[in-house]
Amino acid sequence: MNQYITACSNVHSLDSAIFAFSQVHNPNVFVYNAIIGAFLNLFRPLEGLRYYVDMLRNGVTPTSYTFSALIKSCRVLSVVGFGETVHGQVLKNGLALHVHVQTSLVDFYSSLGRVIQSRKMFDEMTDRDGFAWSSMISAYARAGDLDSARSVFDEMPEKNNASWNTIIHGYVEAGNVESAEELFRIMPKRDVISWTTMINCYSKHKLYREALELFDEMKRTGTRPDGVTMATVISACAHLGVLDQGKEMHLYVMQNRFKIDVHIGSALIDMYAKCGVLERALVVFYKLEDKNLFCWSSVIDGLAVHGYAEEALAMFDKMDKEKIEPNRVIFVSVLAACTHAGLVEEGNRRFLEMTSKYSILPEIEHYGCMVDLLCRVGLIEEALVLIRSMRMQPNSVIWGALLGGCKLHKNLEIARVAVDRLMILETDSSGYFTLLINMYAEANRWADVARIRATMKERGVEKILPGSSWIEVEKKMHQFAACDNYHPASQEIYLVLDVLDSQLKLIGYAPDFDFVL
DNA sequence: GTAGGGTTAG
């Protein structure tokens, strides 16, 4: 029966596992271990804890197997008190020197941020194996103490791949790309996890080109990517907006019969949406067997940025019906959808529901969305009231959104308030100053224009170069900056722009010359 | 008869 229960767990059939367990008279420790493990594997660790209590009531003595699963359950649940009780039971049952149990305790304490306790567990170990060493390295890395992590790594007698990968990942998380690169290059034998860790390193630090180059190198040197690698590189394609390469990755996934799980699925949805092919994003979304919050989040954001506000909100409501709990990230997309469509009432309602219905406290980015929403429709005073009510210090994004609204609706008074703050927060950015200068110029207040110009000069604020944009067409990158003539086809391009310009005017578009001084 | 560490998505 214990093997049957484990088999049920492996095919994600928790109901069958529970039923099987219920059919066992006087389950022994093997059967209990199996059901506790099944609950842990199928993301319901709390029930595992209940079965453990049941097990003790029935006089069944736990073993090292029981405790390693149980301690991990406490770890994923972050239940400190129960975990410590379990630790007590470990001692009581004479398992304090069992290497599997000790390793779980190292992980348990480090996951709760108690790395000193982890170290204590590690020091008590009489025979440490590779798992134990890696756990200790990971514990220090989680605590952000890379020096200690490195010391443990350097002391480790027979380093295995996991320990190399752990320390590399630690450097990645700590933002130390150079050390990660160095260790990656000198490690004796790179496996798929090493490559994926390093590809992720580049992605995490916005070096997406490097990420894709390393992926090519990985394939050239004969390591086969797995699903985790593919999710990582598809995401890099999304950030770069490279549709052709994104499609190639999708094809690779299909040809190699990888399951399109929630990781690859949400990466693909995001990639297609960010590359402008919302239809394909939707196809991937609807074909997914299992959808989690990430999948919904990608598709809702895709709809929102493509201007389908109503559809994005409808999608959110559909997700809600499926009992998937939203988080703070998805609300940024929901509120952005309202902003793009100018849905003030709707946005306000959703903003309030965030806290009242879902117990999510608004973060600064949500306030940013709301300020933007209110400002765009001209509710500048209301936006300022909202800013004053914020439970954190407004940042430059908030004041910038307010200033943008002031510009749009020509509110010089509140613009001054915003710029005063921006002068403190973003001393080296010229954009906001320029905006204010334009507003004063528009109102013919030339003395103020001169005053701000002087302030800018005094502070050494340089006007930054205009932003550039780029698009990939048939695997070739085309880059543009405002008014440039660098592109070989620029003459033709300007011709098309002229045509578009006349067509816009024909359908009633009037350009805003307010800021052409 | 069972278990522990290292990589992934919005």
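Predicted, not measured: the structure shown is a model, and the values here were computed from it. Labels below follow one simple rule: chain letters A, B, ... track the order of the sequence lines, proteins then strands, and each chain is numbered from 1.
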Quiz item: When you look at A:Glu84 and A:Arg114, which way does the salt bridge (charged side-chain N to carboxylate O under 4.0 Å, His left out) test go after all the steps?
Solution: CA-CA 12 Å; A:Glu84 285 175 327; A:Arg114 290 162 62 173; 2.9 Å; yes
Nearest-angstrom distance from the residue atom [atom1] of [X] to [atom2] of [N]:
X        : N     : atom1 : atom2 : answer
A:Arg224 : B:dT7 : CZ    : P     : 23 Å
A:Trp195 : B:dT8 : CH2   : P     : 17 Å
A:Tyr252 : B:dT8 : OH    : P     : 19 Å
A:Lys159 : B:dG5 : NZ    : P     : 21 Å
A:Ile35  : B:dT2 : CD1   : P     : 17 Å
A:Met249 : B:dT8 : CE    : C1'   : 14 Å
A:Lys204 : B:dA9 : NZ    : P     : 6 Å
A:Leu40  : B:dA3 : CG    : C1'   : 10 Å

Give one of base, sugar-phosphate or nothing for [X], where a contact means two heavy atoms less than 4.0 Å apart.
X        : value
A:Lys274 : sugar-phosphate
A:Ser135 : sugar-phosphate
A:Gly265 : nothing
A:Leu293 : base
A:Ser194 : nothing
A:Asp107 : sugar-phosphate
A:Ser104 : nothing

Using a strict cut-off of less than 4.0 Å between a Lys/Arg side-chain nitrogen and an Asp/Glu carboxylate oxygen, indicate whether [X] and [Y] qualify as a salt bridge.
X        : Y        : result
A:Glu363 : A:Arg391 : yes
A:Arg185 : A:Glu182 : no
A:Glu365 : A:Arg328 : yes

Regarding [X] and the six-membered ring of [Y], is the cationic atom NZ or CZ under 6.0 Å from the ring centre and inside 45° of its axis?
X        : Y        : value
A:Lys247 : A:Tyr272 : no
A:Arg190 : A:Phe184 : yes
A:Lys72  : A:Phe108 : no

So if I take every side-chain heavy atom of [X] and compare against [options], which nucleotide ends up nearest?
X        : options              : value
A:Asn292 : B:dG10, B:dA9, B:dA3 : B:dA9
A:Ala231 : B:dG4, B:dT2, B:dT8  : B:dT8
A:Ile193 : B:dT7, B:dA9, B:dA3  : B:dT7
A:His169 : B:dG1, B:dG10, B:dG6 : B:dG6
A:His100 : B:dG1, B:dA3, B:dT7  : B:dA3
A:Val262 : B:dA9, B:dG6, B:dG10 : B:dA9
A:Arg142 : B:dG1, B:dG6, B:dG5  : B:dG6

Could one point to a donor on the side chain of [X] or the base of [N] with an acceptor on the other under 3.5 Å away?
X        : N      : answer
A:Asn165 : B:dG5  : no
A:Thr166 : B:dG6  : no
A:Asp129 : B:dG5  : no
A:Asn2   : B:dG1  : yes
A:Asn327 : B:dG10 : yes
A:Ser266 : B:dG10 : no
A:Asn160 : B:dG5  : yes
A:Ser297 : B:dG10 : yes

Quiz prompt | Base of B:dG10 and ring of A:Phe294 stacked, centres under 5.5 Å, planes under 30° | solution = no
Quiz item: A:Phe131 stacking on B:dG4: centroids under 5.5 Å, ring planes under 30°?
Solution: yes
Under 4.0 Å between a side-chain N/O of [X] and OP1 or OP2 of [N], yes or no?
X        : N      : answer
A:Ser235 : B:dG10 : yes
A:Asn200 : B:dT7  : no
A:His239 : B:dA9  : no

Quiz item: Residues from residues 70-94 of chain A sitting under 4.0 Å of DNA chain B, heavy atoms only?
Solution: A:Lys72, A:Arg75
Quiz prompt | Residues within residues 16-33 of chain A bordering DNA chain B, heavy-atom distance below 4.0 Å | solution = A:Asn28, A:Phe30, A:Asn33
Exercise. State, to 0.1 Å, how close A:Ile5 and A:Ala20 come at their nearest heavy-atom pair, and which atoms those are.
Key: CG1-CB, 4.0 Å
Quiz item: Do you know the tightest heavy-atom contact between A:Phe122 and A:Ala132?
Solution: CE1-O, 3.7 Å
Self-check item: Between A:Arg119 and A:Tyr109, a side-chain donor and acceptor under 3.5 Å
Solution: no
Exercise. Check the side chains of A:Ser163 and A:Asn160 for a donor-acceptor pair under 3.5 angstrom, ignoring hydrogens and angles.
Key: yes
Quiz prompt | Partner of A:Tyr202 under side chain to side chain contact (heavy atoms under 4.5 Å, CB included), chosen from A:Glu213, A:Arg209, A:Glu210 | solution = A:Glu210
Quiz item: Pick one: which of A:Tyr367, A:Phe331, A:Tyr358 meets ring pair (Phe, Tyr, Trp, His ring centres under 6.0 Å) with A:Phe351?
Solution: A:Tyr367
